[in-house]
Each structure stands twice: as structure tokens, then as C-alpha cells.
Amino acid sequence: MTINERSSVQSIASLADDYSTQPNVSSLSLARDLLYDVSRLAARFHPALDFSPLHIYQSALTFTPHDTKLYQLYQPLAGGKVTASWDLTWGPLFSSMSGHTGNVASVAYNHDSSLIASGSGDKTVRVWNPLSGALVTELKGHSDYVTSVAFNHDGSLIASGSWDRTVRVWNPLSGALVTELKGHSDSVWSVAFNHDGSLIASGSWDRT
């Protein structure tokens, strides 16, 4: 755990102490539960919260699963309440990314799991925040189906292979094209970096 992460846990633990009515639950354990609940709440409700942060009180907390620590501690402060049947715990789906207009053929995480890249039949590569599901950047340039995507080890580059017979290397945050690799005489179906990012391998229907 980093210094910043430890500080965040301790800060929430302090807040939890103020409201907790469960003497058998340590503040640190409660803080961890709250951190998890907050990450799930952000993933589920980020479009509304981006538009209007105050919806965290009037909407997001109200529709948070009722058996979570976040709901039990803070929903009474928000005022609203759902009396009909509602989720008791968070479901298995963490977040969903939508935006591609064609089939998604390939997805890849960067090394620290802070980004996801997806390649699609819509000829684009999209980079996403896996926690919120928000689009980080869209990489355009391929002229045909994107079949394969891969991050280098430090996450500073993405390689993409396409039916347009090229491999493209991108900056995942700015969306800038770093280089285009040509030479295959048929569709590229797979790309991969070596560990230090100094080489890329590509596989194609041209048998090379």
C-alpha cells in the first residue's frame, strides 16, 4: 500500500469512526469496505455524477445496494429511500464500456490495470478507464477492421494490428500516432510487445 493509499484509508477510517454503530468492526476494516463501495458507486453512477455531482446525495446513495457499508452509514444523511425491492450487494459486473459501432475483436489491460484498450470492426482503438467505464481517448487511422491490440510493459504505447495490413503504434493518452509499420501482404491478426518494448511481433494471414 502506498503512502497516499494508506492516507486515504486512514482518512475514511476516521470518518467511519464518527458514524459507525458497529463496535465489533474495526475502523480500518470499515474503511476498506467503504473504499470498495465508493469505487463501485463511481463506476455505476459516473455519467450522472459527472453531469451533476450533487446527485451523489439525491440519487446515487439512494440506489446503492442496501447491505453495503456506504449505504448503511451515509444514506440516512441523504434523505431519500427506495422502499421497493432493490439490490442488497454489488453484482459481479464492475463497469461496462460502450461506444464502438462495430464488433469488438480484441481487448488488453496495461500493466497496472489502470487502462483498457479495445480494437473494433469500426476501425478504431478506444482506451478506457476500467473503474468508471469512461472513454479516455479514441485512436483513429486504420482503414479496416482492428483485430489486435497490446500495451507495452510500462503502458506508454499501444500497438494495433488491422485488416489494412499495417501495425500502428500509439500514445494511449494523447491519441497520437507514434509510427506505422508496413510490410505484410495480408491482414494482421495479432500483435505483441517484448518485455522492454523494444520490439513488436505481428502475425498475418500472409503466413509471416
Side-chain angles (χ1 to χ4, degrees), residues 1-5 8 35-36 38-51 91-208:
M1 184 180 290
T2 67
I3 292 175
N4 287 339
E5 288 171 334
S8 297
L35 281 172
Y36 176 76
V38 167
S39 69
R40 296 301 303 267
L41 179 140
R44 177 179 286 188
F45 298 109
H46 79 88
L49 299 182
D50 283 346
F51 179 76
L93 178 65
F94 198 96
S95 60
S96 177
M97 296 85 173
S98 59
H100 282 298
T101 58
N103 295 333
V104 176
S106 179
V107 294
Y109 274 97
N110 66 345
H111 186 67
D112 67 3
S113 300
S114 61
L115 296 173
I116 293 176
S118 57
S120 169
D122 65 12
K123 308 175 187 179
T124 70
V125 176
R126 291 180 177 236
V127 182
W128 312 86
N129 180 317
L131 296 182
S132 67
L135 179 67
V136 176
T137 189
E138 184 178 18
L139 314 178
K140 295 182 177 181
H142 282 295
S143 59
D144 211 331
Y145 207 115
V146 177
T147 57
S148 181
V149 293
F151 280 95
N152 67 341
H153 187 69
D154 68 7
S156 62
L157 297 173
I158 292 174
S160 57
S162 169
W163 283 1
D164 65 12
R165 307 178 183 181
T166 70
V167 174
R168 291 177 178 241
V169 182
W170 314 83
N171 181 310
L173 298 181
S174 70
L177 178 66
V178 176
T179 189
E180 183 180 16
L181 310 177
K182 296 181 178 181
H184 284 296
S185 59
D186 209 332
S187 304
V188 177
W189 280 89
S190 181
V191 294
F193 281 95
N194 68 339
H195 185 72
D196 66 7
S198 60
L199 296 173
I200 295 174
S202 57
S204 167
W205 269 4
D206 65 9
R207 305 181 183 179
T208 68

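- Listed here is the closest heavy atom pair of Asp196 and Ser198: OD1-OG, 2.6 Å.
- Put simply, OG on Ser185 and CZ on Arg207 are 10.0 Å apart, with the number rounded to the nearest 0.5 Å.
- Atom CG of Leu173 and atom CG of Leu157 lie 10.5 Å apart (nearest 0.5 Å).
- Phe151 is not listed as a side-chain neighbour of Tyr109, based on a closest heavy-atom distance of 4.5 Å or more.
- In plain terms, the two heavy atoms of Ser187 and Ser204 that are nearest each other are O-OG, 2.8 Å.
- Rounding to the nearest 0.5 angstrom, the gap separating the NE2 atom in His184 from the CZ atom in Arg165 is 11.5 Å.
- A distance-only check finds a donor-acceptor pair linking the side chain of Thr147 to the backbone of Val188 [under 3.5 Å].
- Considering only residues two or more places apart in sequence or on other chains, Trp128 meets the ring pair (Phe, Tyr, Trp, His ring centres under 6.0 Å) condition with none of them.
- In this structure, the separation between NZ on Lys140 and CZ on Arg168 is 13.0 Å, given to the nearest 0.5 Å.
- Residues Ala117 and Ile158 come closest through the heavy atom pair CB-CD1, 3.9 Å.
- At distances below 3.5 Å, at least one donor-acceptor pair connects side-chain atoms of Arg40 with backbone N or O atoms of Gly91.
- A distance of 10.5 Å separates CG in Asp186 from CH2 in Trp163, rounded to the nearest 0.5 Å.
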Pair Ser118, Met97 - check side-chain contact (heavy atoms from CB on, under 4.5 Å), show working. CA-CA 10 Å; Ser118 57; Met97 296 85 173; over 6 Å; no
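- In this structure, the side chain of Thr166 does not engage the main chain of Leu181 through any donor-acceptor pair within 3.5 Å.
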Using the side-chain contact (heavy atoms from CB on, under 4.5 Å) rule, take Asn171 and Thr137 through it: C-alpha gap first, then chi angles, then the decisive distance, then the call. CA-CA 10 Å; Asn171 181 310; Thr137 189; over 6 Å; no
For Val191 and Ser202: C-alpha separation, side-chain torsions, deciding distance, then whether side-chain contact (heavy atoms from CB on, under 4.5 Å) applies. CA-CA 4 Å; Val191 294; Ser202 57; 4.3 Å; yes
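- Scanning all heavy atoms of the two residues, the minimum distance from Pro130 to Ser113 falls at CG-O, 3.3 Å.
- Considering NE2 of His142 and OG of Ser120, their distance stands at 11.5 Å, rounded to 0.5 Å.
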